[in-house]
Structure formats: C-alpha cells, structure tokens
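Being a predicted model, the structure only gives us computed values, none of them experimental.
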Amino acid sequence: MSSVSDQSSPATGRVSGASYAAAGVDIEAGDRAVELMKEWVKKTQRPEVLGGLGGFAGLFDASALKRYERPLLASATDGVGTKVDLARQLGVYDSIGHDLVAMVMDDIVVCGAEPLFMTDYICVGKVHPERVAAIVKGIAEGCVLAGCALVGGETAEHPGLLGPDDFDVAGAGTGVVEADLLLGADRIRTGDAVIAMAASGLHSNGYSLVRHVLFERAGLSLDQHVEEFGRTLGEELLEPTKIYSLDCLALTRTTEVHAFSHITGGGLAANLARVIPDGLHAIVDRETWTPAPVFDLVGRTGAVERLELEKTLNMGVGMIAIVPEESADAALATLGDRGVDAWIAGEITERGEHTTGAALIGDYAS
C-alpha cells in the first residue's frame with residue numbers, strides 16, 4: 001500500500017499545511033501590480049467605458065453604436081512572439097506593450113474599423129509588480145496611440161512552468177465599422193495605387209530567425225554598438241512596432257481608400273495578397289525604397305536569401321493602403337501631415353497568364 005508522507009516541523013511535530021504561496025503564487029504581489037497599473041489604464045479611457053479596473057469583466061456602452069446604421073464588430077487577437085525574450089534580457093518592458101497593441105489594432109483597422117477597446121493577458125513565472133506594471137504602462141500608451149480603451153486584462157503566475165523572470169503577453173481587441181464602409185478586396189480596381197507606409201523597424205515578426213542569425217550563429221550581443229544603427233543592437237531590436245490605426249482612419253476620412261494590408265508574418269507579398277481579388281495583381285517595386293540597415297544585417301550575417309527575408313520580415317513596410325490612382329496625392333499629403341513616411345510603391349494590374357500569385361515584388365521600374 002502506498003502512502004503520502006507528511007511534512008512536519010522538527011521542533012513542534014506539527015504538519016505544515018500547503019498553501020498557494022508555498023506553491024509559488026504570490027497573490028499580494030498580484031494585487032500590488034494591479035494598484036501600480038491603475039493610473040496607466042485610466043489614461044486609455046473612452047466615454048463609453050463603464051466601471052474601473054478590477055471587475056470581472058470590462059464594460060463598454062454599446063449604445064454608442066446607435067449612430068451606425070449597420071455596425072459590424074471587428075475583432076483580433078495576437079501576441080508579440082519571441083521578441084519578449086529580448087525585453088527580458090534587457091530589462092526593458094514597456095516597449096513590448098506598444099508592440100502588442102500594434103499587432104492587434106493594426107489588424108482591426110485594415111477593414112476600416114475604428115478600434116474601440118482591448119484586453120490583455122500577461123503570463124509570468126513570478127509576479128514582479130513593477131515589471132508587470134511597466135508592461136501594462138506600455139500597453140496603455142499603445143492604446144492611446146491607437147485610440148482605444150484598455151478595459152481589462154489578466155496577469156497569471158505560472159511557477160514551475162516559467163522561470164521567475166520569464167513572461168509572455170497576448171491581447172485581444174474589438175473595433176467597429178459601418179457595413180457600407182467596409183474595406184477589402186471587392187473595392188480594389190485595376191489602376192489603383194499601392195501606397196507603402198514605412199515600418200519603424202523589424203516590428204514583431206521574424207524574431208526567431210533574427211535571434212538565430214544574430215545570436216546563435218554570429219554570436220553578437222545585445223549591448224554591442226552597431227555603427228549603422230547609431231545605437232546598440234538591443235535598442236534597435238526593441239524598437240516599438242509602429243501603430244498605424246489613427247493614421248489609417250484619418251486616410252479614410254480625407255480620401256477614398258479601397259483596402260489596407262498590415263505587413264506582419266509572411267512579409268509584404270503574402271499579406272498584400274490577402275486583400276487582392278481574383279483576376280487582379282499587385283505589383284510592388286522594391287526600387288522605390290531602401291530597407292533599414294537592420295534588414296541588411298540579418299540577411300548579410302546569416303547569408304539569408306532575399307526571398308526568405310521578404311517572406312519573413314516586413315523589409316521596411318509596415319502598412320499598405322490601396323487607393324484610386326486619382327486619390328494617391330491626397331493620401332500621401334494626409335499621411336505626410338501626420339508625420340508618416342509614405343510613398344507610391346506599386347499598382348494594381350490585371351493578372352496575366354504568366355503570373356500565379358496575387359502579389360509580386362519586383363524591380364519592374366528599373
């Protein structure tokens with residue numbers, strides 16, 4: 001017969017009972033983290049948000065949607081990927097929050113939807129209140145940049161599964177768009193201009209390749225100064241993802257827009273192809289821009305073929321807008337006024353017999 005041995009104190013002989021804290025979960029640290037993050041969450045509030053942080057659910061007054069004739073809710077969820085490990089190594093946590101908001105809300109705005117609210121999920125090996133609050137601070141700042149509210153979230157402590165300093169983040173968001181204003185493939189026409197918006201850096205995709213090339217193969221260090229960057233490698237790699245949400249919405253209000261494409265995992269060609277209708281083709285001229293030095297560093301250091309780079313990294317383009325040819329100048333003016341580096345990178349054409357994909361990156365203008 002098997003038995004469970006008791007754990008008793010040598011001095012008293014009393015059995016020491018199990019507890020959540022003894023299992024590695026610190027509820028008091030979690031409560032302190034919530035208190036520290038409240039001031040940042042408050043900065044994201046919109047008039048439609050009811051209640052405060054700490055409830056079981058975030059509340060958003062849906063009566064605000066009555067002004068829509070046929071409101072469509074758009075939702076998305078995402079994370080930041082292995083970029084979080086670089087943040088952990090460098091002890092910099094707030095920029096990861098910007099990345100999270102960008103990955104979620106820039107997906108939502110693609111269909112023309114206005115971001116409304118977001119929730120986050122932070123999983124840690126051990127709750128360090130100041131560290132969790134720094135992550136939420138970054139998320140809150142990102143929400144302000146995206147125009148949405150942070151209505152709630154969850155911090156989960158997973159001792160035994162994650163190391164004391166390990167963490168991961170994820171988020172989900174909701175937006176709304178009038179049905180008649182929904183953007184997408186059915187609006188795109190031959191002759192439309194493909195407008196590229198510059199990326200702020202690598203954004204939050206392809207870091208498994210980046211880490212493999214730069215650290216495992218080349219043996220570079222995060223604190224190493226890189227002349228081409230004018231800063232350390234770690235600072236370059238942690239550059240926050242650009243949040244385009246309000247810029248895209250401004251574009252829809254000032255000129256005609258047919259579609260957007262958020263350039264994330266899969267690169268420019270694969271993501272642009274997602275919004276191109278059957279029978280049409282997007283041709284992008286790579287000669288219209290020069291990718292930032294970080295892309296060259298990854299490619300050169302790892303001997304990564306150009307095609308592999310282009311299907312893994314954004315190569316300097318974070319968002320695409322497809323607009324009628326006659327609207328291109330107005331679109332560029334609007335983006336320029338908002339400080340967004342943008343240019344005409346290509347056009348929409350009929351798909352010829354020799355083409356097999358919906359998007360092609362080529363030097364067709366050279």
Side-chain angles (χ1 to χ4, degrees), residues 98-99 101-103 105-115 142 145-147 181 183-185 187-189 191-205 239-264 266-276 281-295 310 313-349 359-366:
H98 284 239
D99 292 311
V101 176
M103 300 310 291
M105 289 306 176
D106 284 346
D107 274 356
I108 284 176
V109 80
V110 161
C111 66
E114 174 192 356
L145 293 174
L181 300 179
L183 304 181
R187 291 179 177 265
I188 295 176
R189 301 289 182 267
D192 282 354
V194 176
I195 293 179
M197 301 180 216
S200 54
L202 292 171
H203 286 186
S204 297
N205 293 104
E239 180 67 33
T241 304
K242 168 73 174 171
I243 298 175
Y244 301 93
S245 304
L246 295 184
D247 301 316
C248 290
L249 290 179
L251 211 54
T252 64
R253 293 172 183 140
T254 57
T255 190
E256 184 177 355
V257 178
H258 288 166
F260 290 114
S261 178
H262 185 198
I263 311 306
T264 58
L268 182 54
N271 283 284
L272 187 50
R274 295 166 69 178
V275 298
I276 305 299
H281 199 78
I283 298 182
V284 175
D285 178 13
R286 64 162 66 97
E287 293 294 302
T288 60
W289 82 98
T290 301
V294 66
F295 299 101
E310 288 184 346
L313 307 177
N314 66 59
M315 297 304 290
V317 178
M319 182 71 76
I320 289 285
I322 299 176
V323 306
E325 182 180 12
E326 61 272 17
S327 299
D329 288 342
L332 291 175
T334 294
L335 293 171
D337 289 343
R338 297 183 60 84
V340 179
D341 182 14
W343 63 95
I344 297 177
E347 63 178 334
I348 303 298
T349 66
L360 175 68
I361 300 178
D363 304 327
Y364 76 95
S366 60

List the atom pairs, with distances to 0.1 Å, where a side-chain N or O of residues 332-339 and a protein N or O form a donor-acceptor pair under 3.5 Å, not counting sequence neighbours.
{"residue": "T334", "atom": "OG1", "partner": "T254", "partner atom": "OG1", "Å": "2.9"}
{"residue": "T334", "atom": "OG1", "partner": "A330", "partner atom": "O", "Å": "3.2"}
{"residue": "R338", "atom": "NE", "partner": "D247", "partner atom": "OD1", "Å": "2.7"}
{"residue": "R338", "atom": "NH2", "partner": "D247", "partner atom": "OD1", "Å": "3.3"}

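In this structure the side chain of P324 reaches within 4.5 angstrom of the side chain of H258, judged on heavy atoms. T288 has its side chain out of reach of I344: every pair of non-hydrogen atoms, C-beta onward, lies at least 4.5 Å apart. Looking only at side-chain heavy atoms (C-beta outward), L145 and V101 stay at 4.5 Å or farther from each other. Between E239 and V294, every side-chain heavy-atom pair lies at or beyond the 4.5 Å cut-off. Residues M197 and L251 have side chains in contact (heavy-atom distance under 4.5 Å, counting atoms from C-beta outward). A heavy-atom distance below 4.5 Å is not found between the side chains of N205 and L313. At a threshold of 4.5 Å between non-hydrogen side-chain atoms, the residues L183 and T252 count as touching.
Distance CZ/F260 to CD1/I195: 9.5 Å, rounded to 0.5 Å. Separation of atoms CE (M105) and NE2 (H262) is listed at 12.5 Å; rounding is to 0.5 Å. Rounding to the nearest 0.5 angstrom, the gap separating the CD1 atom in I320 from the CG atom in N271 is 10.0 Å. Going from atom OG of S261 over to atom CG of D106 covers 11.5 Å, rounded to the nearest 0.5 Å. The CG atom of L246 sits 8.0 Å away from atom CZ of R253, with the distance rounded to the nearest 0.5 Å. Rounding to the nearest 0.5 Å places CE of M103 at 6.0 Å from OG1 of T241.
Put simply, the side chain of S245 never gets that close to the backbone of A146: no donor and acceptor are under 3.5 Å apart. H281 places no side-chain N or O within 3.5 Å of a backbone atom of T349 that could act as its donor or acceptor partner. Between the N314 side chain and the A198 main chain, no donor and acceptor come within less than 3.5 Å of each other.
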Residue pair M319, V109: steps toward the side-chain contact (heavy atoms from CB on, under 4.5 Å) verdict:
CA-CA 11 Å; M319 182 71 76; V109 80; 4.2 Å; yes
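Nearest heavy-atom pair across M315 and F295 is N-CE2, 3.4 Å. Here the closest non-hydrogen pair linking T255 and S327 is OG1-CB, 3.2 Å. Contact record, E347 with V194: N-CG2, 3.8 Å, taken as the closest heavy-atom pair. Between K242 and H203 the shortest heavy-atom distance is N-NE2, 3.5 Å. In terms of heavy atoms, A282 sits closest to I276 at CB-CD1, 3.8 Å. Contact detail for A199 and Y244: the closest heavy-atom pair is CA-OH, 3.4 Å.
For the side chain to side chain contact (heavy atoms under 4.5 Å, CB included) test with V257, the passing option among D192, L249, V323, I322 is V323; the others fail.
Summarising the local packing, CD of E256 is surrounded by more than 12 heavy atoms from other residues, nucleotides or ligands at distances under 6.0 Å.
Ring geometry for W289 versus W343: interplanar angle of 30 to 60°, hence tilted.
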